[in-house]
Number of protein chains: 2
Amino acid sequence: MPIEDKQKPQRNDRVTIRTVATHAGVSVAAVSKVMRNAYGVSDALRARVTDAIEVLAYRPSRAARGLRGRSFTIGVLLIDIRNPFLPEVIAGVNGVLAPSHYQAMIGVSDARVQLETSLIESMIDYKMDGLILVAPRLPSEILAKFAVQIPIVAVGYHDAGATAFDTVNTDDQRGAEIAVEALLACGYRDIEMLSLGEREGHAVSVVRQREIGFRRAMQRSGLGSSAVIGKIPIASPKREEAMRKFLSRKDRPHAVFCWSDLDAIILLSLAMEMGVRVPEDLAVIGYDNSSTAALGLVNLASIDQSGRELGQVATRALISRIEGRTSAEHILQTPSLVSRNSLIRSGNGTDK
Amino acid sequence: MPIEDKQKPQRNDRVTIRTVATHAGVSVAAVSKVMRNAYGVSDALRARVTDAIEVLAYRPSRAARGLRGRSFTIGVLLIDIRNPFLPEVIAGVNGVLAPSHYQAMIGVSDARVQLETSLIESMIDYKMDGLILVAPRLPSEILAKFAVQIPIVAVGYHDAGATAFDTVNTDDQRGAEIAVEALLACGYRDIEMLSLGEREGHAVSVVRQREIGFRRAMQRSGLGSSAVIGKIPIASPKREEAMRKFLSRKDRPHAVFCWSDLDAIILLSLAMEMGVRVPEDLAVIGYDNSSTAALGLVNLASIDQSGRELGQVATRALISRIEGRTSAEHILQTPSLVSRNSLIRSGNGTDK
DNA sequence: CGTTATATGGAGAACGTTCTACAAATTGTC
DNA sequence: GACAATTTGTAGAACGTTCTCCATATAACG
């Protein structure tokens, strides 16, 4: 009688690659080969293994996969889940990923550098196959350091000089120019930009890019000297306070370009409260063309950058990088204007 | 000369538990003990290991951890990232998790049962420690089956009879009652509810609960016979079409309770376009008290359920379950009314 | 000083994959 | 029919943890 009878296959109830192998009467390696559809599998073998997988409803353990090879998961890092622009990006990512065998896991950093770092590290520690970082706060050098360990695509991060990772953006400078051009076309000359407070957003952030575009467009029209950029704090209630101050200024301009719909919509609300008519007293144009902007009640003109498309493009870039590309790619989409009543009172408006 | 010189510690550059052990001059097991602060570690040993971890900036691999023990990650499954209510829940989850050593990973199912299943399975395969499912679509039996494999807390899922998993909800029946009571208090008698199309939302969903509450409150006031519930499709453009039809009805009621702010806000917009005055011609009350509802432009009365609190409570429940609780908990929070101009024209309104 | 508790550290077997080397079987070639 | 080339399948070593035994060293006790 053999002492070595420690062959107790059913100790646990989890179906592993070993269960499949036994059931199909083949080796573990064979099953693995079929899974990865590697070279050297006969049709007969493949069929048997596929059947066994089907019957047992086998799912490979992502944890184990991660330990050895790929985990078939890509991590998405969001700076802030509240911005209605971001869900669009996610939708784009999921759309591209759906037919593939990859899946997305999302982390939310709440714009804290600390948390952002630790989430990126976690995703690396999970052996995820690649990362899409949306509007990250970390400086380029740090990202480059991470990019050595894992393929990275940054979205909403203007660093065309990066060699270690890819970037996908809409041309925010151009977007701001379009906004200014639209205001100019309506006849406004005194145009101000409401931007984000100094401490938010670094040099490569979308905000600063939009400022550059704003300045350039104003300059180009000979209005360079009056190209004022107001800085609005990001958090309540200081934000509202700053906007109220702006609205009640004696020398308030007749047109304003807000760096984001988020701010523009609040500005619209406050304007209404304070009896400032839009667009008669003040024309407003935002950025992002969020779903709220499109509401009849709001009717905010905005610069559209398709978040969905951005997500799609970023995902495709990431996959190509995962599959071996090493040279950096820097993709720039062109934004477009969506004109609405906050810019100029249109025919189908509500002022009958 | 020994043939066995395969001791090449620096083959890869990843700092593993082995690197730490070598650096500290102790065994791998010792380091692991310190990490888990298990029994049987002297202060001296702990200090040396801690130092080594610090110096080497060691991070344990989540993949490896998952394979053997816990991964210190909890999965959050969102039905839809667009609903502004959900970010609040995430904020609550992150808030509770931040000081702990747990981290949240989010999956977005886009309300597809297929994707929801596969995401839950993935999270199990990652050996996550627990799951928070927000408004899942899967039937209770399926969730129970998953709950055998991993601790689960369902949010926005009314199944107080579930024994395998916990639920955390606001009392949606009560919320609807509060809405009706508020409308009654303003003197409205002909009240309709605009709910979600039949095919969306199952018996345990929040929508159906709100319908029950609506009916009960109407019945209680002797208005049971006129308690009409209209069903609005969830997707554009059918949604807008149905709402337009409602707004142009000859027998349109004077007050309407929308199952969600999402719909209420669109209704408000269409009402404005069609010249239906709110609240003079039609009073509207929504549900969720989303940030958009609070905008001065919108000014939508709503039932507030603190998403943040829901997230916090759910997270705490999950952690206690991970730590061993096996009896099911079913938590019910009480929602509250936030009155605004869409309900009744208040003094500080804009109609000067 | 011998015996027994107790505190401390380490060996080594999992966990479920991937993937390199290699063996065995089959086919092709002269 | 001998040999090489090719195809097909398998053994078994990683991967980086956790955690159950064990082996010591030290303290306690008579």
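The analysis underlying the following values was restricted to heavy atoms, covering all of them including side chains, and did not include hydrogens, waters or symmetry mates. To find a chain, count down the sequence lines: A is the first, B the second, and so on, and within it residues start at 1. Keep in mind that what you see is a predicted model, and the values were worked out from it rather than measured.
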Check: Ile17(B) CD1 to dG10(C) P: how many Å, rounded?
Finding: 12 Å
Notebook entry, point to check: Would you call the rings of Phe72(B) and Tyr102(B) parallel, tilted or perpendicular if under 30° counts as parallel and over 60° as perpendicular?
Noted result: tilted
Margin query: For Arg46(A) and Arg59(B), find the nucleotide of DNA chain D closest to each by heavy atoms; which residue's nucleotide sits nearer the 5' end?
Written below: Arg46(A)
Notebook entry, point to check: With sugar-phosphate meaning primed atoms plus P, OP1 and OP2, does Arg36(B) contact a base, only sugar-phosphate, or nothing at under 4.0 Å between heavy atoms?
Noted result: base
Margin query: Quick check: do Leu133(A) and Phe146(A) have side-chain heavy atoms less than 4.5 Å from each other?
Written below: no
Next item on the list: Indicate, with a heavy-atom threshold strictly under 4.0 Å, whether Phe72(A) touches base, sugar-phosphate, or nothing.
Entry: nothing
Margin query: I need the Arg62(B) CZ to Met105(B) CE distance, nearest 0.5 Å.
Written below: 6.5 Å
Next item on the list: In whole angstrom, give the distance that lies between atom CG of Leu45(A) and atom P of dT10(D).
Entry: 7 Å
Next item on the list: For the pair Glu116(B) and Arg137(B), find out whether any cationic side-chain nitrogen is under 4.0 Å from an anionic carboxylate oxygen.
Entry: no
Next item on the list: Classify the nucleic acid contact of Arg62(B) as base, sugar-phosphate or nothing, counting any heavy atom under 4.0 Å across all strands shown.
Entry: nothing
Next item on the list: Scan Lys33(B) against the nucleic acid and name what it touches under 4.0 Å (heavy atoms): base, sugar-phosphate only, or nothing.
Entry: base
Checklist line | Charged N-O contact under 4.0 Å between Asp125(B) and Arg14(A) | finding: yes
Margin query: Quick check for you: among dT8(D), dT8(C), dG10(C), whose closest atom lies nearest to any side-chain atom of Ala30(B)?
Written below: dG10(C)
Checklist line | Protein-nucleotide distance (Arg70(B), atom CZ; dC15(C), atom C1'), rounded to Å | finding: 16 Å
Next item on the list: When you get a sec, tell me which of dG9(C), dT17(D), dC19(C) is the closest nucleotide to the side chain of Arg68(B)?
Entry: dT17(D)
Next item on the list: State which of dA11(D), dG16(C), dT17(D) makes the closest approach to the side chain of Arg18(A).
Entry: dG16(C)
Note to self: Within the 4.0 Å heavy-atom criterion, would you say Ser32(B) contacts the bases, only the backbone, or no part of the nucleic acid?
What the structure shows: base
Next item on the list: Look at all strands and tell whether Ala29(A) reaches a base, only sugar-phosphate, or nothing, counting heavy atoms closer than 4.0 Å.
Entry: base
Notebook entry, point to check: To the nearest angstrom, how far is Tyr39(B) atom OH from dT18(D) atom P?
Noted result: 20 Å
Note to self: As a test of reading the structure: which of dT17(C), dT10(D), dT17(D) is closest to the side chain of Val28(B), going by heavy atoms?
What the structure shows: dT17(D)
